[in-house]
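Nothing here was measured: the structure is a model prediction, and the numbers come from that model.
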Amino acid sequence: MSAERVYYMKKISFLLVVALLCGTFAFLGGCGSNDGSVTLNVYNWGEYIDDEVMDVNREFTKETGIKVNYKTFDTNESMYTLISSGAAEYDVVFPSDYMVGKMIDEGLLAKLNFDNIPNYQYIDEAYKNLEYDPKNEYSVPYTWGTVGIFYNKKYVDEADLKDGWDLLWNKKYSGKIYMFDNPRDAFAIALKKLGYSMNTTNADEIQKAYEALAEQRPLLQGYYMDQIFQKMINEEGWIAPYYSGDGAIMIYREDGNKDIGYFVPDQGTNLFVDAMCVTANSPHKTEAEQYINFLCRTDVAKANAEYIGYSTPQTEARKALDPAVGENPMFYPDDAVLKKTEVFITLDDATNTLQKNLWTKLKTLKD
C-alpha cells in the first residue's frame, strides 16, 4: 500500500480493515483509490494495449484514481535512447528481452517489489527466470511469441516450406520477399539458416551471416517493419519473416488475407518476450508496480491478448481465451517448436558494433 493512500486513511481501525481486504483481494488488481495527484508516465509499443474494448488505461484510472500519461515507441533502440539520455522521464516501460538485460546492466531499471504485484503468481513459469533477467528481479513478462515466416498459399509452393529459413533465399520468389528492417532480427535469421546461435559473439559467424544477407539482398522487394502487414495483405509480396502475434492483423482481422499462412522453420527461431519494468528514477514506484499488477489481472490480460493478438504468459487468461486463439499453434506453439527457440540476450559492445557496421554496409550495397 502506498504512503499516499495510507496518509488519507483517517481511522486506524478502518486502515487495518482495508489492509486486510487488500491482502485478500489483491488479485483483483488494486485496492482503494488515489486522490488523483499521481500521474504515471507509461511508455509502450504502438498498438500494444486494449484501448477500445476494455480501454485498459481508463479502467485502471477508474479503479485506482491514478492517471496514466501513455506514449508509444516503435523500436527498442528509440525507447532506450530516450530513457538513457534522461530526455524524458517514464515510470513504466516495455522493453524486449535483450533490451531488459542491457537496461539492467546500465542501472536504468528498478528492482521490483513483488509484494505489490501479487498477480505475478499467474505468470507461466516458462517465461520466468530467462537469460535476460535470470533472477526475475527487474521485469514481468507482458507478451511473448515466436518469429516465423508468413507466406501466401496462393503463390508459394508448400513443398518449399521444408527449406525453412532458406525460403527467404529462394530465387523462385525473387522480388516477392521481404526482410526485417533491423539488424538484430535480420542477423538472427541468417545465423539460424547457417546453423549458428542467434546470440553468437563469434566474429567469423557474424561475417558469414552478413555474406548470406548480402546474397539475399537482390532477391528482396525491400526491408520493412510494420509496412509488411498491408503489403502482405494486398499481395504485393508473398513471403515475409515476422512476429507470430501479427498474424492476428495479417490473417484474422476483417481486412486480413485468409490466404496467408505461418510456420516456424525447423532450424529454430527466436522466442521473444516483451516485459514490464519500472525505471530506476521513477518517483512513483509503488503506483507503477500497481499498474503492472493490474495488467497481470486475468480479465485485463485476456482483453489485451484478444485485442493485440500477441500471446499472453498469464495462465488463467490463456485458459479464458476462445480455443480458436488459445489452442492456435501460431500463437501457442507446442513444446517441439519451443524447444528449438532461443531468447535474445544482451550482446557485448564489440558484437553490437560489428553487427551495426555490417548492417550499414549491407543497406548501402549497390544493386
Side-chain angles (χ1 to χ4, degrees), residues 42-57 70 72-76 79 92-100 119 122-124 126-128 130 132 139-150 180 182 184-185 188 225-226 228-229 232-233 240-253 256 260 262-264 269-277 292 294-334 337-338 341-344:
V42 177
Y43 205 25
N44 197 359
W45 296 86
E47 300 294 326
Y48 220 39
I49 197 167
D50 178 0
D51 59 2
E52 292 183 6
V53 182
M54 173 181 279
D55 196 339
V56 168
N57 287 328
Y70 188 86
T72 64
F73 58 88
D74 57 0
T75 69
N76 279 293
M79 178 276 299
V92 182
V93 293
F94 291 71
S96 299
D97 32 51
Y98 73 95
M99 188 56 72
V100 174
N119 289 328
Y122 299 117
I123 299 299
D124 193 314
Y127 307 104
K128 296 179 180 179
L130 297 175
Y132 59 87
S139 64
V140 174
Y142 179 58
T143 62
W144 66 275
T146 57
V147 173
I149 297 177
F150 288 94
F180 278 117
N182 74 74
R184 190 69 195 266
D185 282 317
M225 293 302 294
D226 288 352
I228 282 176
F229 303 157
M232 287 290 290
I233 291 170
Y242 222 68
Y243 313 111
S244 57
D246 291 298
I249 297 174
M250 281 189 256
I251 305 171
Y252 296 111
R253 288 194 179 176
I260 296 175
Y262 176 83
F263 76 102
V264 176
T269 192
N270 171 223
L271 172 73
F272 62 85
V273 179
D274 292 330
M276 301 175 278
C277 304
I292 291 173
F294 183 78
L295 294 185
C296 291
R297 198 171 81 182
T298 298
D299 61 327
V300 178
K302 176 178 179 287
N304 276 332
E306 290 174 337
Y307 185 77
I308 66 177
Y310 279 76
S311 306
T312 178
Q314 213 272 25
T315 54
E316 295 304 307
R318 179 184 173 182
K319 291 176 185 176
L321 291 173
D322 186 312
V325 176
E327 297 175 12
N328 188 324
M330 178 187 300
F331 306 118
Y332 297 95
D334 61 26
V337 172
L338 294 176
T341 62
E342 290 183 82
V343 175
F344 279 154

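- Applying the side chain to side chain donor-acceptor pair (under 3.5 Å) test to every pair with at least one member in residues 322-333, sequence neighbours left out, gives these pairs: Tyr252-Asn328.
- Using a 4.5 Å heavy-atom cutoff, the side chains of Ile308 and Glu47 are not in contact.
- With hydrogens and angles ignored, the 3.5 Å screen pairs a side-chain donor or acceptor of Ser244 with a backbone N or O of Thr146.
- When all heavy atoms of Thr341 and Leu338 are compared, the pair lying nearest together is OG1-O, 2.6 Å.
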Query - Test log, rule side chain to side chain contact (heavy atoms under 4.5 Å, CB included), inputs Tyr243 and Ile228 - result: CA-CA 11 Å; Tyr243 313 111; Ile228 282 176; over 6 Å; no
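- Between Tyr142 and Phe94, the ring-plane angle classifies as perpendicular under the 30° and 60° cut-offs.
- Between Cys296 and Ile123, the closest heavy-atom pair is SG-CD1, 4.2 Å.
- Listed for the Asn44 side chain is no donor-acceptor partner under 3.5 Å among the backbone atoms of Thr72.
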Requested in this report: Determine, stepwise, if the pair Phe344 / Leu130 fulfils side chain to side chain contact (heavy atoms under 4.5 Å, CB included).
Outcome: CA-CA 10 Å; Phe344 279 154; Leu130 297 175; over 6 Å; no
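- Judged by distance alone, with hydrogens and angles left aside, the side-chain atoms of Asp97 form no donor-acceptor pair with the main-chain N or O of Val100 at under 3.5 Å.
- Side-chain atoms of Asn270 and Arg184, non-hydrogen and from C-beta on, never get closer than 4.5 Å to each other.
- Considering only heavy atoms from C-beta on, Val325 stays 4.5 Å or farther from Glu306 through its side chain.
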Report task. Could you give me the CA-CA distance, side-chain angles and deciding distance for Ile251 and Met330, then say whether side chain to side chain contact (heavy atoms under 4.5 Å, CB included) is met? Result -> CA-CA 11 Å; Ile251 305 171; Met330 178 187 300; 3.4 Å; yes
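- Taking the side chain as every heavy atom from C-beta outward, Val92 and Tyr70 never approach each other to under 4.5 Å.
- The minimum heavy-atom distance between Ala240 and Met232, with the atom names listed, is CB-SD, 4.0 Å.
- At least one donor-acceptor pair under 3.5 Å links the side chain of Asn304 to the backbone N or O of Asp50.
- The side-chain heavy atoms of Val56 and Tyr307, taken from C-beta on, include no pair separated by under 4.5 Å.
- Between Ile49 and Asn57, some side-chain heavy-atom pair lies under the 4.5 Å cut-off.
- Between Met250 and Ile260 the shortest heavy-atom distance is O-CD1, 3.8 Å.
- Atom CD of Gln314 is separated from atom CZ of Arg297 by 11.0 Å, given to the nearest 0.5 angstrom.
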Query raised in the report: Stepwise, does the side chain to side chain contact (heavy atoms under 4.5 Å, CB included) test hold for Tyr48 with Thr143?
Result: CA-CA 9 Å; Tyr48 220 39; Thr143 62; 2.4 Å; yes
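- Considering every non-hydrogen atom in both Asp246 and Phe229, the closest pair reads OD1-CZ, 3.1 Å.
- Nearest heavy atom pair, residue Gly326 against residue Arg318, reads O-NH2, 3.0 Å.
- Looking at Ser139, its side chain never comes within 3.5 Å of a backbone N or O of Cys277 through a donor-acceptor pair.
- Rounded to the nearest 0.5 angstrom, Glu316 CD and Thr298 OG1 are separated by 5.5 Å.
- Note that CG of Leu295 is 10.0 Å distant from CG of Asn119, once rounded to the nearest 0.5 Å.
- Taking the six-membered ring for Trp and thresholds of 30 and 60 degrees, Tyr242 and Phe180 have nearly parallel ring planes, at less than 30 degrees apart.
- Considering only heavy atoms from C-beta on, Trp144 stays 4.5 Å or farther from Asp124 through its side chain.
- Scanning for salt bridge (charged side-chain N to carboxylate O under 4.0 Å, His left out) contacts around Asp51 gives an empty result, with sequence neighbours left out.
- Among residues two or more places apart in sequence or in another chain, the ring pair (Phe, Tyr, Trp, His ring centres under 6.0 Å) test is passed with Tyr43 by Phe73, Tyr90.
- For the side-chain contact (heavy atoms from CB on, under 4.5 Å) test with Val264, the passing option among Val147, Leu271, Thr269 is Thr269; the others fail.
- In this structure, a donor-acceptor pair under 3.5 Å is absent between the side chains of Tyr122 and Thr312.
- When only modelled atom types and interatomic distance are considered, Asp274 and Ser96 share a side-chain donor-acceptor pair under 3.5 Å.
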